[in-house]
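Here is the structure we will look at, set down as structure tokens.
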Amino acid sequence: MMKYLRWVILLLVVMGLIASFWFSQGWLQLCAGLAIFLFGMQCLEEGLRQLAGSKLEQILGRSTSTSFKSLLFGVGGTLLLQSSTLVSLLTIAFISTGLIQLAGGIAILFGANLGATSGIWLLALAGQNLSLSPLALPLLVFGVLAGFFGAKSKAAGRIVLGVAFIFLGIDQIKEGFASFGDGLDMSAYQEGGLRGALLFTAIGMAITVVLQSSHATLMLTLAALAGGQLELSQSLAIAIGSNIGSSVTTGFVGSLGGNRSGQRLALAHVLFNVVTGVLAFILLEPLTWLVHALAEPLGLGENSLIQLAMFHTLFNAMGVALFWPLQGRLAQLLIRWLPERSEPQVLITELASEKVAEPERTRARYLNERALDSVDAASGAVVQELGHLGRLSLEVICHALYLPVDQLARARADEQLLQAKPTQGGFDAEHLYQFHIKGVYGDLLSFMGRMELPMDEAHQQFWVSCQLAALQLVDAVKDAKHLQKNLGHYLDAPPSAVRDAYVELRRHLLTTLHEVRELARSDMPDEMWQSRLRWLDEQAASFDARFRQRLFAEVRDGRLDGLQTSSLMNDLGYVSRIFQSLRNVLMLGNEQALFRELRKFGEEQESLIRLS
């Protein structure tokens, strides 16, 4: 129902725009200019991401070791991308995957707000009379030509095209406003006092939320101010609203993510922008007087564009000055307000016998779409999601043995449980695979398939290893599905030699799962870890040999027939493959330096926070 409603609303919007374009050429020109401007920003963003590739993370690592460096990173990133919202969303992706910590992320947000003032200064200095189209035309030519000389050149060309489209969009918007004339004269709507300031602050918020860009809102405001459709006081209120509106997207995206770190940073951004905006609104008259006082000695008393840029910088700098000494306290409060969710001991709790009309599949937890804007952020998200898939896989295999998941944590299994018959209406491995493994595996492959950024050889190898690790986990679950059929049948039978053999298989596989789980969670030195894995290999090989000898001895004694022996041999193969698949996952994870580097990077960031 909601899907159809969205389509109906979209259709109505499109039809409304078509009708408005028919009746107003100026409105069409304004909307076209805005579309060209936003497309230019998109080209600029994509080109910078493709050109930077994995170097972005290296720059990030060097630039967030102190709060001041994080601030400069936020300023520089916003200056390049011309979007504080984009920098904020990227920072949420970085912090969600452990590339940076909360304190560094907060400082980056401060810098992003300061960097957001750069765009309005450039536009204000360019003025209303300066046409940028003559500069845009040759840039279009060079940008297209650059696309024919390899990937790096194409990315650089994309940046050049982005700048060209931004220039064209600015001129088109200025002409669109000029063609409106008095028809869009907002200066006529003088409410005066508090009511008028609130009205135009709300307008600034609404435009920013719709356009998803405070830069675009401020550019429209500058064009309207230069064309006489806005008074300076109205444009100042819109600037405040645009700042508050820019945090709406960040807050929404952060609240949707499952990661607490990202949610904390999103809340920090909302708090900073709202508090700064409210403070600027309360001090609107004193700040306006200060802007006039600074502009007059410079001969800019009549230049409303420069005064708007000056006001925007002043109140953002005021916000940074207010929050800068409170960074540590703010981080502590955010952790207190949004504590880490207690990780459930068991992920899979429903029974296959529960009748659910349309059961909801388990989906990926950590694959934030914004993480695809960075190679290392995406890699960190994949590592986290593989851990989630690994936990689910071990639980499904444990349930395939008709055993409770808490047995995975025990070094010695409960003998009564091992000897017990399967519970009626218990867990079905096929059902668990369909609704807890397949969805997460599909999300993981889809996420990795959408990565478009260029990767160096190490990251490419990492990507392949992650795909193989996910496949090995799924293969282990599929083998457990096959094992469960005979296991359930013979465990439910009266005591016999074949039942005793299946109890032994059950015991061995549970012990193996426990050891694999402990190795996956272990932080022991690499040499000791490898030694433990070799011991586990020896144990598996020894059990396999002993079990085969036992089967043939019992065949000779007449306690097992040929059909029972063939079932046991097949199921011994499933047990061996389950172990080999899980062992391969451990090896793939241990061999990848990036796993260790991500952990090391997080530890270094935590130590820096403690020192500061």
Side-chain angles (χ1 to χ4, degrees), residues 2-3 6 10 38-39 41-54 56-57 60 77-78 81-100 105 108-109 112 155 158 208-213 246-270 338 341 360-389 438-455 459 462-463 466-467 470 594 598:
M2 289 299 296
K3 181 181 179 181
R6 285 196 296 268
L10 179 62
L38 292 174
F39 179 70
M41 289 182 64
Q42 187 181 54
C43 290
L44 184 63
E45 171 201 337
E46 292 175 357
L48 284 166
R49 285 197 292 111
Q50 291 167 4
L51 192 64
S54 59
L56 180 61
E57 288 75 33
L60 180 68
T78 308
L81 296 174
Q82 285 299 295
S83 173
S84 59
T85 301
L86 175 62
V87 172
S88 301
L89 293 176
L90 279 171
T91 307
I92 287 177
F94 291 147
I95 200 171
S96 296
T97 53
L99 288 174
I100 58 175
I108 290 176
L109 291 183
R158 191 87 172 157
T208 304
V209 169
V210 171
L211 299 181
Q212 298 291 288
S213 171
S246 68
S247 65
V248 172
T249 301
T250 309
F252 179 70
V253 173
S255 66
L256 289 181
N259 187 286
R260 275 298 199 213
S261 298
Q263 291 176 351
R264 290 170 190 149
L265 193 64
L267 178 58
H269 190 221
V270 172
L338 293 172
R341 294 188 182 95
E360 186 177 351
R361 294 182 188 273
T362 299
R363 309 311 300 234
R365 282 184 176 185
Y366 305 104
L367 304 181
N368 189 312
E369 201 67 22
R370 294 310 313 188
L372 290 170
D373 292 326
S374 155
V375 175
D376 272 358
S379 300
V382 168
V383 170
Q384 290 177 303
E385 198 55 50
L386 278 174
H388 180 215
L389 181 61
K438 203 168 183 180
V440 176
Y441 182 51
D443 289 344
L444 193 57
L445 293 181
S446 175
F447 179 83
M448 297 177 79
R450 293 198 302 277
M451 170 54 72
E452 298 178 350
L453 296 178
M455 292 185 283
H459 282 91
F462 166 80
W463 223 240
C466 288
Q467 292 169 356
L594 187 56
L598 283 170

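Start at 1 with the first residue, then count along the sequence. These numbers were taken from a predicted model, which means no experiment stands behind them. All values below were derived from every heavy atom in this structure, side-chain atoms included, with hydrogens, water molecules and symmetry-related copies excluded.
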Find the distance between [atom1] ([X]) and [atom2] ([Y]) and round it off to the nearest 0.5 Å.
X: Asp443; Y: Arg365; atom1: CG; atom2: CZ; result: 13.0 Å
X: Cys466; Y: Leu389; atom1: SG; atom2: CG; result: 11.5 Å
X: Met455; Y: Trp463; atom1: CE; atom2: CH2; result: 6.0 Å
X: Met448; Y: Leu367; atom1: CE; atom2: CG; result: 9.5 Å

Closest non-hydrogen atom pair, [X] against [Y]:
X: Phe447; Y: Ala378; result: CE2-O, 3.8 Å
X: Thr362; Y: His388; result: CG2-CE1, 4.2 Å
X: Val375; Y: His459; result: CG1-CD2, 3.2 Å
X: Ser247; Y: Val270; result: O-CG2, 3.6 Å
X: His269; Y: Ser246; result: CE1-O, 3.9 Å

Any side-chain heavy atom of Lys438 within less than 4.5 Å of one from Arg361?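 Lys438 vs Arg361: side chains touch.
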Quick one: do Gln42 and Phe39 satisfy side chain to side chain contact (heavy atoms under 4.5 Å, CB included)? Show the steps, please. CA-CA 5 Å; Gln42 187 181 54; Phe39 179 70; 3.7 Å; yes
For Val383 and Phe462, run side chain to side chain contact (heavy atoms under 4.5 Å, CB included): C-alpha distance rounded to whole Å, both residues' side-chain angles, the deciding distance at 0.1 Å, then the answer. CA-CA 10 Å; Val383 170; Phe462 166 80; 3.7 Å; yes
Leu109: which of Ile92, Leu265, Val87 passes side-chain contact (heavy atoms from CB on, under 4.5 Å):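 Testing Leu109 for a side-chain contact (heavy atoms from CB on, under 4.5 Å) against Ile92, Leu265, Val87 leaves exactly one candidate, Leu265.
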When you measure from the side chain of Gln467 to the backbone of Leu445, do you find a donor-acceptor pair of N or O atoms at a distance under 3.5 Å?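 Such a contact is absent between Gln467 side chain and Leu445 backbone.
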